[in-house]
Amino acid sequence: MRALVAIVLVASTAAADPLPSGALGLVTGGTGGTGADAKRIGFGYTFGFQAAWQPMTTDRRWGWALRWATMFGNLYGGNAAKVVPALRTVQMDLTGGLRVRPWASRNRYLTLRGGVEALRTNEPLPPANHRSFVGGITEVGLDQYL
């Protein structure tokens, strides 16, 4: 009987495995403009690095996150790239948002973030003909732990 009581007490105080609160990782994906910017900059790919703070345990379905990313991109098919075939970009962003796990896997999370971004291009973008921009950003992504 004492063994059964001890097992019940130990089992009731067990905690979920913590995910790493901090993360460093590689980021890649597709990118493109929206609205009038879609024709100006075209569509392409980005790759880069991120550092994130996202405290969460595996038994929770959602949690918050802060993230800093630096990304390099090549965009094709837009009319802004006049000198070289690809419009090259460097972007740095600081975002905050939610991590959600809508499925059973504890290794994959959907991320929804918003924040501020600095963007620099290799050629001036119309209509203002500037190469540097600062503004708001929204992101939807997928975090996969290997």
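Position 1 is the first residue of the sequence, and the numbers go up from there. Values reported hereafter were calculated over all heavy atoms of this structure, with side chains retained and with hydrogens, waters and symmetry mates removed.
Note: Phe47 and Tyr45 have parallel aromatic rings, judged against thresholds of 30 and 60 degrees for the angle between ring planes.
Crowding of Trp64 atom CH2: a count of heavy atoms from other residues, nucleotides or ligands under 6.0 Å exceeding 12. Atom CZ of Phe49 has 12 or fewer neighbouring heavy atoms from other residues, nucleotides or ligands inside a 6.0 Å radius.
Atom-to-atom distance recorded for Leu112:CG and Arg99:CZ is 11.5 Å, nearest 0.5 angstrom. Taking CD1 from Ile137 and CD from Glu139, the interatomic distance works out to 4.0 Å, rounded to the nearest 0.5 Å. Here the CG atom belonging to Asn74 is positioned 11.0 Å from the OG1 atom belonging to Thr31, to the nearest 0.5 angstrom.
Side-chain contact, Arg120 with Ser132: a donor N or O sits under 3.5 Å from an acceptor N or O.
Here the shortest heavy-atom pairing between Leu119 and Thr89 reads CD1-CB, 3.9 Å. Taking both residues in full, the closest heavy atoms of Arg60 and Arg101 are given as O-NH2, 3.2 Å, listed atom of the first, atom of the second, then distance. Residues Pro102 and Arg61 approach most closely at C-NH1, 4.0 Å, considering heavy atoms. Minimum interatomic distance between Gly44 and Leu75 (heavy atoms only, all atoms of both residues): N-CD2, 4.0 Å. When all heavy atoms of Tyr76 and Pro85 are compared, the pair lying nearest together is CD2-O, 3.9 Å. Minimum heavy-atom separation, Glu123 to Thr121: O-OG1, 2.6 Å.
Using a distance-only test at 3.5 Å, with no hydrogens or angles considered, no donor-acceptor pair links the side chain of Asp143 to the main chain of Tyr109.
Taking 4.5 Å as the limit, every side-chain heavy atom of Gln54 sits out of range of all side-chain heavy atoms of Thr111. Side-chain contact between Leu125 and Leu87 is present, with at least one heavy-atom pair separated by less than 4.5 Å. Side-chain contact between Val27 and Met71 is present, with at least one heavy-atom pair separated by less than 4.5 Å. Looking only at side-chain heavy atoms (C-beta outward), Asp93 and Arg113 stay at 4.5 Å or farther from each other.
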